[in-house]
Enquirer: 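Quick one: this structure, given as structure tokens, is what I'll be asking you about.
Per chain, numbering begins at 1; letters A, B, ... match sequence-line order.
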2 protein chains.
Amino acid sequence: MGTVSNVLNRPNLVAEATRERVQASIGELGFIRNETARQLRQGRGHTLGVVVPSMANPYFADLGRAAEAAMNADGFDALWCTSDGSLAKEERCLDFLEEQNVSGVLISPLDLGEDRITDLHGRGLAVVLLDRTGTGVCSVGADHRPGGALAARHLLGRRHRRLLFVTGPLSFGPVRERHDGAVRAARDAGLTESALTTFEQPEMTAEAGRAAAERLLTLDPLPTGVFCANDLLALGLINQLVRAGVKVPSEISVVGYDDIDLAATAVVPLTTVRQPRADLGRIATELALAETGDPERHDHRQVVLSPELIVRESA
Amino acid sequence: MGTVSNVLNRPNLVAEATRERVQASIGELGFIRNETARQLRQGRGHTLGVVVPSMANPYFADLGRAAEAAMNADGFDALWCTSDGSLAKEERCLDFLEEQNVSGVLISPLDLGEDRITDLHGRGLAVVLLDRTGTGVCSVGADHRPGGALAARHLLGRRHRRLLFVTGPLSFGPVRERHDGAVRAARDAGLTESALTTFEQPEMTAEAGRAAAERLLTLDPLPTGVFCANDLLALGLINQLVRAGVKVPSEISVVGYDDIDLAATAVVPLTTVRQPRADLGRIATELALAETGDPERHDHRQVVLSPELIVRESA
DNA sequence: AGCGTAGCTTGAAACGATTCACGATCTTTG
DNA sequence: CAAAGATCGTGAATCGTTTCAAGCTACGCT
């Protein structure tokens with residue numbers, strides 16, 4: 001019925017008496033608006049997709065939460081999708097979101113399928129890249145290269161001269177950039193190849209960090225400073241080092257990346273590079289909503305925030 | 001167009017030649033089925049809602065992932081919602097899911113709003129309670145009382161005679177049951193009130209565990225065995241104990257609950273009570289799909305799985 | 001008193017896929 | 001060769017909401 005619709009969407013057009021009568025009926029009958037029909041008619045839904053590689057990593061969970069909070073404030077809702085490290089699943093997520101008729105997508109892509117992204121965008125979806133920069137769409141991220149450099153320089157500043165870099169898959173852009181930044185900083189400080197070791201772990205979990213620690217202990221000479229590409233790796237690594245009787249930070253210092261909540265309560269509170277994930281999530285949502293609001297004269301923005309070194313006890 | 005619909009939904013009715021022709025066109029034009037219109041016509045969508053209190057707790061993330069995997073195998077998709085510990089947000093989640101026209105809801109409720117649940121169910125949604133039992137709907141959970149008893153008896157078996165229980169809010173059902181089970185087991189073993197202490201933390205995070213450890217160290221005499229209501233509490237507590245120079249498990253032993261992945265790689269690998277979260281998630285989905293498939297003669301089942309003690313090093 | 005108008009309400013079309021009854025084509029058989 | 005039957009394609013109605021045009025009321029103005 002037309003009037004009911006007006007009550008819900010443009011209450012000012014409806015006389016107060018009628019409005020109250022309708023509201024009462026709604027409450028009484030337990031009427032629930034069928035968002036599905038609504039968005040069929042309107043052409044696009046009031047939802048934004050959030051695609052992240054993993055929910056096991058608190059960094060992404062927090063990032064998404066911040067984004068969701070910003071959406072809710074604007075009457076939008078989040079549709080969460082996890083690619084779980086699989087490109088196929090990532091594709092499935094995007095298909096799902098398009099089928100669900102979302103207005104836009106916030107995505108931290110595994111592998112930047114440039115064409116898939118522009119496809120999406122071509123079909124009228126607002127797309128915002130998280131932690132990445134791309135062409136032709138908005139993006140929000142903290143700059144990983146300076147972030148990596150920040151970590152390395154902190155270790156160098158504490159007189160460490162043999163460094164180990166524990167990374168995730170270097171095919172993953174942000175990880176590669178952090179590594180590049182760190183390596184460059186180390187070279188600039190005059191360290192030679194032989195003073196730099198890199199372990200490329202297949203995953204970025206605490207378990208992978210534990211495994212890296214075991215491998216670390218077989219090195220000769222031992223490195224004295226370790227930079228891990230994320231906090232989960234760092235936490236697993238530190239735990240294993242401590243178990244093996246290695247003193248952190250006096251014998252080996254460790255720096256992580258992300259500053260997830262667990263970092264502060266680690267057995268050795270973690271020195272780490274903070275990404276402003278609350279800001280990242282919020283800004284990503286704002287960009288997406290701005291684009292859906294006025295797709296015509298929207299110019300894509302590349303927002304780059306600065307990472308920040310948080311010094312605790314591990315280095 | 002009718003034929004296209006047949007190709008998509010009942011391919012056997014369509015001649016192979018036509019089918020291929022249509023499929024080719026679909027691929028070519030980048031056609032994407034509008035799930036919104038589809039479900040408007042069909043009356044209900046191919047999605048199931050997943051409502052959990054928090055994504056920061058890996059237990060729920062894993063539980064949901066298992067449920068989602070089972071859905072995907074049956075052509076369903078998951079809509080994730082987090083109540084973030086707020087009853088209001090939980091309500092919002094359910095409203096959202098109903099508006100989105102989901103076929104059913106898997107929910108680990110904060111506070112069992114009995115009427116809200118039956119409302120949902122009355123409107124034809126399949127409802128499955130996670131970690132809870134309720135009336136009139138299906139439920140899946142591991143039995144928390146025996147789980148708590150398992151933990152307490154393990155400590156008692158190792159000759160601990162002064163126990164501390166670190167719980168979350170006792171208003172939260174599963175937590176209260178774990179606590180009850182543990183307390184009962186301790187009393188059955190002849191421990192007196194004065195040998196039992198309980199810290200009721202407002203949250204169940206590592207930070208809350210750290211705080212509990214600090215408070216623990218002010219007790220006199222010190223307890224020698226600690227049972228934490230979940231692993232995050234336990235991990236935060238252990239880390240802080242170790243930092244303070246307390247030896248775990250020789251001076252103080254700690255048992256957790258859930259067996260999240262991080263438990264195995266902790267600085268002292270955690271002895272904990274495992275909930276079979278993969279099974280829980282899968283079974284929950286199966287129950288929900290069974291109910292949506294044949295709502296008429298579906299009888300609600302209360303599936304109760306057994307928790308299992310995983311002995312590592314912390315106790 | 002008559003007419004114009006503002007303010008509300010009503011009714012019908014539209015969104016895109018599904019579904020079902022009907023019609024067309026091709027095959028088979030008496 | 002013709003008719004019946006099987007198989008597949010077509011068109012129209014439908015789901016629940018929005019949207020827009022048209023209709024109705026009541027009020028104000030001259």
Side-chain angles (χ1 to χ4, degrees), chain A residues 1-47 75-77 79 95-104 120 122-125 292-293 295, chain B residues 1-47 49 74-77 79 95-104 120 122-125 292-293 295:
Chain A
M1 199 167 299
T3 307
V4 175
S5 176
N6 280 336
V7 171
L8 258 33
N9 302 309
R10 304 195 296 276
N12 53 312
L13 290 189
V14 178
E16 187 169 354
T18 315
R19 202 186 326 151
E20 280 177 8
R21 202 153 44 84
V22 172
Q23 291 283 19
S25 301
I26 288 182
E28 187 134 350
L29 302 179
F31 169 84
I32 290 191
R33 167 209 255 145
N34 186 329
E35 186 66 27
T36 266
R38 176 171 147 93
Q39 85 183 235
L40 171 60
R41 178 59 233 241
Q42 293 197 326
R44 251 298 107 100
H46 302 90
T47 50
F76 275 69
D77 281 290
L79 256 37
D95 288 345
F96 168 70
L97 292 173
E98 276 197 275
E99 286 179 357
Q100 293 293 323
N101 215 11
V102 295
S103 298
L120 269 186
R123 283 197 212 87
L125 300 202
T292 65
Chain B
M1 199 166 300
T3 307
V4 175
S5 177
N6 280 335
V7 171
L8 256 36
N9 302 309
R10 304 196 294 277
N12 52 313
L13 290 188
V14 179
E16 187 168 353
T18 315
R19 204 187 323 152
E20 283 177 5
R21 201 155 44 85
V22 172
Q23 291 283 20
S25 301
I26 287 182
E28 187 131 352
L29 301 180
F31 170 83
I32 290 192
R33 168 209 255 146
N34 186 328
E35 187 66 28
T36 265
R38 175 173 148 91
Q39 85 182 234
L40 171 59
R41 176 60 229 246
Q42 292 197 329
R44 209 119 257 171
H46 301 89
T47 49
D74 264 32
F76 275 70
D77 281 288
L79 257 38
D95 288 344
F96 169 69
L97 292 173
E98 276 196 275
E99 286 179 356
Q100 293 294 323
N101 215 10
V102 295
S103 299
L120 268 188
R123 283 197 211 88
L125 300 202
T292 64

Enquirer: Taking only residues two or more places apart in sequence, or in another chain, which ones meet A:T292 in a side-chain contact (heavy atoms from CB on, under 4.5 Å)?
Expert: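 Counting only residues at least two positions away or on another chain, A:T292 forms a side-chain contact (heavy atoms from CB on, under 4.5 Å) with A:S103, A:A126, A:L289.
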
Enquirer: For B:R38 and D:dT14, what is the distance between atoms CZ and C1' respectively, to the nearest whole Å?
Expert: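 In whole Å, D:dT14 C1' and B:R38 CZ are 16 Å from each other.
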
Enquirer: Just the rounded figure in Å: distance from P of D:dT18 to CG of A:L40.
Expert: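 Rounded to whole Å, this separation is 11 Å.
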
Enquirer: B:D74: which residues meet the salt bridge (Lys or Arg N to Asp or Glu O under 4.0 Å) condition with it, sequence neighbours left out?
Expert: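 With neighbours one apart ignored, the set is empty.
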
Enquirer: Taking five pairs at each end, how big is the angle between the two axes of the helix from C:dA1-D:dT30 to C:dG30-D:dC1, to 10°?
Expert: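 Helix axis angle between the two ends: 50°.
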
Enquirer: In whole angstrom, what separates B:Q42's CD from D:dG16's P?
Expert: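 Result: 13 Å.
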
Enquirer: Would you please name every residue forming a side-chain contact (heavy atoms from CB on, under 4.5 Å) with A:E16, sequence neighbours left out?
Expert: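 Result, side-chain contact (heavy atoms from CB on, under 4.5 Å) vs A:E16: A:R19, A:E20.
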
Enquirer: Tell me the interatomic distance from B:Q100, atom CD, to D:dG16, atom P, rounded to whole angstroms.
Expert: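 Roughly 16 Å, once rounded to whole Å.
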
Enquirer: Once each nucleotide of nucleotides 8-14 of chain C is scored for protein heavy atoms under 4.0 Å, what B/S/- sequence comes out, 5' to 3'?
Expert: SSBB-BB

Enquirer: Search all heavy atoms of A:L125 against all heavy atoms of A:V102 and return the closest pair with its distance.
Expert: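 Heavy atoms of A:L125 and A:V102 come nearest at CD2-O, 3.2 Å.
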
Enquirer: Side chains of residues 29-38 of chain A: which donor-acceptor partners sit under 3.5 Å, not counting sequence neighbours?
Expert:
unit_1: A:R33; atom_1: NH2; unit_2: A:N9; atom_2: OD1; d: 2.8
unit_1: A:N34; atom_1: OD1; unit_2: A:T36; atom_2: N; d: 2.9
unit_1: A:N34; atom_1: OD1; unit_2: A:A37; atom_2: N; d: 3.2
unit_1: A:E35; atom_1: OE1; unit_2: A:R38; atom_2: NE; d: 3.4
unit_1: A:E35; atom_1: OE2; unit_2: A:R38; atom_2: NE; d: 3.4
unit_1: A:E35; atom_1: OE2; unit_2: A:H46; atom_2: ND1; d: 3.0
unit_1: A:T36; atom_1: OG1; unit_2: B:Q39; atom_2: OE1; d: 2.9
unit_1: A:R38; atom_1: NH1; unit_2: A:N9; atom_2: OD1; d: 2.9
unit_1: A:R38; atom_1: NH2; unit_2: A:H46; atom_2: NE2; d: 3.4

Enquirer: How many Å lie between CD on B:E98 and C1' on D:dG16, as a whole number?
Expert: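 Result: 16 Å.
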
Enquirer: Should B:Q39 be listed as having a side-chain N or O under 4.0 Å from OP1 or OP2 of C:dT18?
Expert: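 Indeed not, no polar side-chain atom of B:Q39 lies that close.
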
Enquirer: Quick one: do B:L8 and B:I26 satisfy side-chain contact (heavy atoms from CB on, under 4.5 Å)? Show the steps, please.
Expert: CA-CA 10 Å; B:L8 256 36; B:I26 287 182; 3.7 Å; yes

Enquirer: What is the separation between atom CZ on A:R44 and atom P on D:dT18, rounded to the nearest whole Å?
Expert: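 So the two atoms are 18 Å apart, to the nearest Å.
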
Enquirer: Residues two or more places apart in sequence or in another chain: which of them pass side-chain contact (heavy atoms from CB on, under 4.5 Å) with B:D77?
Expert: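 B:D77 satisfies side-chain contact (heavy atoms from CB on, under 4.5 Å) with A:R92, A:F96, B:T47, B:N72 only.
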
Enquirer: Just to be sure I understand the rule, does A:R10 reach a base, reach only the sugar-phosphate, or reach nothing, if contact means heavy atoms closer than 4.0 Å?
Expert: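 If one applies the 4.0 Å heavy-atom cut-off, A:R10 turns out to touch the sugar-phosphate alone, with no base involved.
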
Enquirer: Taking only residues two or more places apart in sequence or in another chain, which ones pass side chain to side chain donor-acceptor pair (under 3.5 Å) with B:N101?
Expert: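 In terms of side chain to side chain donor-acceptor pair (under 3.5 Å), with neighbours along the sequence ignored, B:N101 is linked to no residue.
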
Enquirer: Contacts to DNA chain D from residues 26-34 of chain A, heavy-atom cutoff under 4.0 Å, which residues?
Expert: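 Contacting residues: A:F31, A:I32, A:R33, A:N34.
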
Enquirer: How would you list, by chain and number, every residue that makes a salt bridge (Lys or Arg N to Asp or Glu O under 4.0 Å) with A:R123, sequence neighbours excluded?
Expert: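 A:R123: salt bridge (Lys or Arg N to Asp or Glu O under 4.0 Å) contacts with A:E98, A:D119.
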
Enquirer: What is the distance from CD of B:E20 to P of D:dC8, rounded to the nearest Å?
Expert: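 Value for this atom pair: 14 Å.
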
